[in-house]
Amino acid sequence: MEKCGRGEAGEDCGTEEIVRESKKQKKDNGEEGNGHVSSDVSVLAGFETKSVLRDSAREKNIFIHGMLAGQEAVVILEKTPIREDTVSALLEGSRLTLEMRNDIYSTYRAQPPVQLNELKATLVCPATEKHVKKYQRRGTFLLWETGEDYRTVTLPFLLSQSFSLQWVYNILDKKAEADRIVFEDPDPQVGFVLLPDFKWDQKQLDDLYLIAIVHKRDIKSLRDLRGEHLRLLENIRSKGEDAVRQRYDIAPNRLRVFLHYQPSYYHLHVHLTALSYEAPGSTVERAHLLSDVIQNLQADPDYYRDRTLAFPAHADDGLLEKFKEAGRL
Ligand code: M7G
């Protein structure tokens with residue numbers, strides 16, 4: 001599983017280098033993007049496509065369901081953002097074919113030098129049916145969950161079927177991604193590990209995306225947070241933001257620090273993204289700013305036990321059905 005998750009091109013590029021590079025706006029010939037692919041170079045060669053789960057012209061990505069070496073798999077391909085420091089190499093090295101010209105306007109098809117012509121590929125293998133559903137395009141409906149709904153409908157449902165947390169425990173136990181850790185506070189009560197989210201290829205800061213995973217293993221989500229967790233949340237905010245400033249030279253007021261409700265993975269973690277980046281899942285119906293969460297718990301330690309929380313549910317992920325069965329829809 002770990003090997004699969006690491007099939008992403010150029011993932012292990014040093015983050016310090018990114019900051020240095022981005023600060024200096026250095027010319028780049030794409031050599032770092034080309035590196036470190038040797039052992040995984042042909043991992044997708046035998047992938048047999050079954051169906052396209054989702055694609056987006058705007059986000060420039062495609063989610064494909066298929067088989068790899070006899071196992072169910074999902075591959076996500078996405079065009080990566082154009083880095084400012086590669087622009088001159090792109091302009092100099094691309095082959096242009098004129099598409100149309102009109103007055104002062106002209107458009108071209110551009111074929112960039114091969115080292116600048118990268119895609120980010122993410123592989124989930126073996127993928128469960130739940131992964132396939134997660135990535136599928138389908139109808140989304142808002143649900144309003146009271147504290148009581150959580151205890152009687154949502155919690156039993158997620159205990160019966162939720163994604164494995166093995167990747168999270170691998171990170172906390174340093175069995176995977178240890179070399180990617182940006183910061184760690186090892187305290188078992190208020191500590192956490194801060195590292196790049198696997199959605200971020202770490203090539204540019206514009207789409208910076210980190211996650212802070214708490215060491216405590218008994219907090220499933222926002223719903224479980226109580227006044228007693230304020231020290232933990234404040235610790236993530238202060239030390240997480242400091243670490244981002246030190247490593248990436250990004251100030252806290254340029255960051256969006258939030259939790260998802262519902263998350264996909266029920267082990268408490270906090271998302272930290274560049275404010276300028278419209279990260280998937282940062283919409284109001286799913287994202288809760290950490291600073292708001294802290295204030296809500298300061299005002300009422302049981303806020304998230306009792307409060308009705310809205311969240312988007314997908315037509316076929318089962319929870320919507322459970323709400324219907326419980327007469328809550
Ligand atoms: P979430 O709110 O539980 O679910 O966030 P979401 O995926 O629907 O947003 C979990 C976060 O962990 C997401 O931002 C994922 O991209 C990220 N993530 C998931 N996996 C399996 C990994 C992984 O193996 N490594 C890292 N670094 N991040 C991951």
Side-chain angles (χ1 to χ4, degrees), residues 1-8 10-13 15 40 53-54 59 61 63 73-76 78 120-128 130-138 140 154 158 161-184 192-202 207-214 217 219-225 236 240 255-274 277-290 293 309 311-314 317 319:
M1 190 66 199
E2 187 200 330
K3 188 163 187 292
C4 288
R6 285 172 164 241
E8 299 168 47
E11 213 179 34
D12 37 359
C13 153
T15 45
D40 287 329
L53 299 170
R54 168 154 53 111
E59 291 165 20
N61 57 21
F63 296 69
V74 173
V75 171
I76 305 164
E78 58 188 300
K120 181 174 189 290
T122 306
L123 171 64
V124 183
C125 177
T128 62
K130 205 168 158 64
H131 285 108
V132 174
K133 284 184 175 164
K134 172 176 160 79
Y135 294 124
Q136 215 154 25
R137 180 188 290 116
R138 58 258 157 105
T140 306
T154 311
L158 65 92
Q161 52 156 301
S162 53
F163 285 123
S164 160
L165 296 176
Q166 193 53 53
W167 69 272
V168 172
Y169 300 145
N170 286 347
I171 289 171
L172 295 177
D173 296 338
K174 315 290 154 37
K175 290 182 181 158
E177 304 188 51
D179 52 335
R180 288 158 44 91
I181 293 176
V182 171
F183 173 81
E184 177 173 16
F192 63 96
V193 171
L194 180 72
L195 81 168
D197 191 286
F198 80 166
K199 286 196 279 251
W200 184 36
D201 68 4
Q202 302 183 70
D207 59 345
L208 173 133
Y209 201 139
L210 301 166
I211 39 171
I213 302 177
V214 304
R217 299 195 178 194
I219 313 172
K220 287 192 172 36
S221 73
L222 179 70
R223 200 39 120 176
D224 282 347
L225 290 174
I236 294 175
L255 281 181
R256 181 186 298 108
V257 184
F258 62 98
L259 293 90
H260 275 157
Y261 197 72
Q262 303 280 342
S264 295
Y265 303 96
Y266 287 88
H267 173 109
L268 193 78
H269 56 273
V270 175
H271 303 247
L272 298 90
T273 69
Y277 174 52
E278 286 176 29
S282 58
T283 45
V284 290
E285 70 275 24
R286 187 141 188 252
H288 297 249
L289 279 182
L290 178 62
V293 172
L309 295 172
F311 62 86
H314 302 297
D317 76 0
L319 189 53

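Atoms within each ligand, like the ligands themselves, are counted from 1 in listed order. Atoms considered below: every heavy atom in the structure, side chains included; atoms not considered: hydrogens, waters and symmetry mates.
- Protein heavy atom nearest atom 23 (C) of ligand 1, with residue, atom name and distance: W167 CE3, 3.2 Å.
- Counting heavy atoms closer than 4.0 Å to ligand 1, residue P196 contributes backbone atoms (N, CA, C, O) but none from C-beta onward.
- In the displayed structure, E278 atom CD is contacted under 6.0 Å by at most 12 heavy atoms of other residues, nucleotides or ligands.
- Between V75 and T122 the shortest side-chain heavy-atom distance does not fall below 4.5 Å.
- The shortest heavy-atom contact between A274 and R256 is O-NH1, 3.5 Å.
- Counting protein heavy atoms only, atom 1 (P) of ligand 1 is closest to H269 NE2, 3.2 Å.
- When all heavy atoms are compared, the tightest approach of E184 to K174 is OE1-NZ, 2.9 Å.
- Protein heavy atom in closest approach to atom 14 (O) of ligand 1: D197 OD2, 2.4 Å.
- The shortest heavy-atom contact between W200 and L210 is CZ3-CD2, 3.9 Å.
- For atom 2 (O) of ligand 1, the closest non-hydrogen atom on the protein side is H260 ND1, 2.5 Å.
- Rounding to the nearest 0.5 angstrom, the gap separating the CG atom in L255 from the CG atom in L208 is 7.0 Å.
- Contact atoms of ligand 1 toward I211: 12 (O), 28 (N) (distance under 4.0 Å to a heavy atom of the residue).
- Put simply, the residue from Y169, Y265, W167 that forms a side-chain contact (heavy atoms from CB on, under 4.5 Å) with I213 is W167.
- Residue contacts with ligand 1, taken as heavy atom pairs separated by less than 4.0 Å, do not involve Q166 at all.
- For ligand 1, the polar-atom distance check finds no N/O of P263 at less than 3.5 Å from any of the ligand's N/O atoms.
- Of all atoms in ligand 1, numbered sequentially from 1 with element shown, those under 4.0 Å from a heavy atom of R180 are 27 (N).
- To the nearest 0.5 Å, atoms CG (L225) and NZ (K220) are separated by 12.5 Å.
- The nearest heavy-atom contact from the protein to atom 8 (O) of ligand 1 is S264 OG, 2.6 Å.
- In terms of protein heavy-atom proximity, atom 25 (N) of ligand 1 is closest to E177 OE2, 2.7 Å.
- An N or O contact shorter than 3.5 Å links F198 to ligand 1 by distance.
- Ranking the protein heavy atoms by distance from atom 7 (O) of ligand 1 puts K134 NZ, 2.9 Å first.
- Applying the 4.0 Å criterion to heavy atoms of Y209 picks out, from ligand 1, the atoms 14 (O).
- The nearest pair of heavy atoms linking A73 to C125 is CB-CB, 4.1 Å.
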